[in-house]
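Numbers here are sequence positions counted from 1.
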Amino acid sequence: MRRGDAPYELIDTGVHTVHHRLARRWRVGRVLLAGDAAHLLGAVGTQGLDEGLRDVDNLAWKLALTWHHGGSDRLLDSYQSERRAAVATRLRAADQSLPVLRGGGACGRTCRGPRAATTPSRPTATWGAARWARPRVPALPLAPPYADGQIPVGTPPGAPVEDVRVTAPDGTTVRLRDRLGQGRLLVLLIAPGTGVWDRRHWRTAGVMPRLEEAVHALPVKAEVLVSEAYPGAPAHAVLLVRPDGHLVAAFSGVRPEELYAAADAARGGPLTDREPAEASAGTSSEASAKSDRTADMH
């Protein structure tokens with residue numbers, strides 16, 4: 001027992017069985033799994049609700065894009081590839097922590113009292129931060145092709161972006177995450193000094209006209225935002241952000257062709273030629289056949 005710890009009486013103990021599950025397949029045709037239907041994280045894993053919400057963040061914009069504009073199977077398949085890998089990482093971290101949480105070694109301490117017992121101490125903040133840091137989205141399968149104009153910034157591709165303050169198209173200053181979840185890509189220009197300039201001037205000066213023209217030509221809807229700074233990003237850098245807040249790529253300046261290629265990759269490649277209604281509809285026989293295959297998920 002460490003100096004300064006107050007004695008206490010341990011009233012009761014119990015055995016908790018850690019229950020982990022991870023579905024092999026998260027998508028079969030039009031059937032997709034999310035939340036507890038796709039994964040179960042025992043109490044040791046924590047983050048169960050959080051991971052379910054991250055499933056929704058990842059899937060919602062992909063479903064919306066497919067429903068309204070048609071979509072490639074690659075886009076919907078990326079949901080399983082990205083989220084299953086992230087949850088699997090979480091489960092592996094939980095499994096690795098079990099020996100520590102069972103007690104013993106440096107993490108165990110003996111408590112004095114009428115009923116003495118050995119209990120594990122609480123993991124330190126450093127240990128917890130390392131184990132439970134939010135996993136990044138893998139670079140594949142929606143990573144853009146490499147381009148000479150790509151540059152590293154403080155956020156690696158595939159990871160959640162920093163919630164910096166940005167100027168929206170209507171001139172209001174908001175947080176970057178306030179612009180997420182609206183089904184469109186975000187194109188963030190790093191332009192020091194814009195916070196003190198009159199918006200009427202910088203909207204028509206420098207690289208802005210060329211950037212807005214490039215964004216208007218993208219294969220999917222996108223919104224231009226401006227920020228004074230972003231960690232690790234030089235002036236005039238352009239960041240492309242997915243609707244769920246993950247970085248696609250960062251570029252040194254306005255590069256229309258490279259920006260287009262990155263946006264095309266983020267949407268899963270060229271969309272299908274089918275109309276939205278046709279892409280989302282199916283015959284009853286097709287629906288029945290697909291429902292029969294859902295058993296493969298379990």
Side-chain angles (χ1 to χ4, degrees), residues 25-34 38 53-84 137-145 147 157-158 160-161 166 168-170 176-189 211-225 238-251 254-284 286-287 289-291:
R25 303 180 66 184
W26 290 27
R27 181 195 176 211
V28 175
R30 295 172 63 195
V31 178
L32 298 107
L33 302 183
L53 293 175
R54 289 164 190 159
D55 292 345
V56 174
D57 278 344
N58 187 288
L59 181 59
W61 69 273
K62 297 175 181 178
L63 284 177
L65 181 61
T66 301
W67 176 264
H68 293 291
H69 304 286
S72 65
D73 282 338
R74 183 185 176 195
L75 178 64
L76 292 180
D77 286 342
S78 70
Y79 164 65
Q80 172 179 307
S81 301
E82 294 176 350
R83 287 302 305 146
R84 192 177 188 279
V137 169
L140 296 176
L142 300 180
V161 294
V166 299
D170 60 2
L176 177 57
R177 291 194 172 275
D178 292 337
R179 312 304 291 184
L180 300 177
Q182 301 183 40
R184 56 177 175 245
L185 298 176
L186 301 181
V187 179
L188 178 62
L189 172 66
L211 178 60
E212 292 192 325
E213 181 180 354
V215 170
H216 181 72
L218 294 180
V220 288
K221 290 183 178 180
E223 178 181 59
V224 177
L225 302 172
V238 175
L239 281 63
L240 183 63
V241 182
R242 297 188 344 179
D244 58 357
H246 293 266
L247 180 67
V248 178
F251 303 94
V254 179
R255 297 173 177 263
E257 293 184 3
E258 296 178 11
L259 188 62
Y260 185 101
D264 193 44
R267 66 164 180 170
L271 302 182
T272 61
D273 295 331
R274 295 176 297 172
E275 294 296 325
E278 295 174 350
S280 60
T283 64
S284 58
E286 290 175 338
K290 291 175 180 177
S291 64

Would you indicate whether the side-chain heavy atoms of Arg27 and Asp77 approach each other to under 4.5 Å? yes
Atom of Val248, atom of Ala266 and distance for their closest heavy-atom approach: CG2-CB, 4.0 Å
Any salt bridge linking Arg242 with Glu82? Criterion: basic side-chain nitrogen under 4.0 Å from a carboxylate oxygen. yes
Hey, are the side chains of Leu32 and Leu59 touching, using non-hydrogen atoms and a 4.5 Å cut-off? yes
Would you check if the side chain of Arg179 reaches a backbone N or O of Val166 as a donor-acceptor pair within less than 3.5 Å? no
For Ala217 versus Tyr260, what's the shortest heavy-atom pair and its separation? O-CE1, 3.3 Å
Could you pull out all residues at least two apart from Glu257 that satisfy salt bridge (charged side-chain N to carboxylate O under 4.0 Å, His left out)? none
In the structure I gave you, are the side-chain heavy atoms of Leu180 and His246 within less than 4.5 Å of one another anywhere? no
Gap between atom NE2 of His216 and atom NZ of Lys221 - 0.5 Å precision: 12.0 Å
Is any side-chain heavy atom of Asn58 closer than 4.5 Å to one of Asp55? no
Testing the basics here: between Ala265 and Ala143, what is the closest heavy-atom pair and its distance to 0.1 Å? CB-O, 3.6 Å
May I ask you to check whether over 12 heavy atoms, not counting those of Glu213, lie within 6.0 Å of atom CD? no
Would you indicate whether the side-chain heavy atoms of Leu239 and Leu247 approach each other to under 4.5 Å? yes
Return the set of residues passing salt bridge (charged side-chain N to carboxylate O under 4.0 Å, His left out) with Arg255 (not counting sequence neighbours), or none when no residue passes. Glu258
Tell me, do Pro219 and Arg267 make a side-chain contact under 4.5 Å, heavy atoms counted? yes
Those residues at least two apart in sequence (or on a different chain) that pass salt bridge (charged side-chain N to carboxylate O under 4.0 Å, His left out) with Asp178 are none
Report yes or no: does Gln80 contribute a side-chain atom to a donor-acceptor pair with the main-chain N or O of Trp26 at less than 3.5 Å? yes
Are the side chains of Val224 and Leu211 in contact, using a 4.5 Å heavy-atom criterion? yes
Could you go step by step and tell me if Lys62 and Leu142 meet the side-chain contact (heavy atoms from CB on, under 4.5 Å) rule? CA-CA 12 Å; Lys62 297 175 181 178; Leu142 300 180; 4.1 Å; yes
I'd like to check Val187 versus Leu225 (side-chain heavy atoms, cut-off strictly below 4.5 Å). Are they in contact? no
Closest non-hydrogen atoms of Ala263 and Leu240, given as atom of the first, atom of the second and distance, are N-CD2, 3.6 Å
Keeping the roles fixed (side chain from Ser72, backbone from Gly268), state whether a donor-acceptor pair exists under 3.5 Å. yes
To the nearest 0.5 Å, atom OG1 of Thr66 lies from atom CG of Leu75 at 5.0 Å
N/O donor-acceptor pair under 3.5 Å between Tyr79 side chain and Leu33 backbone: yes
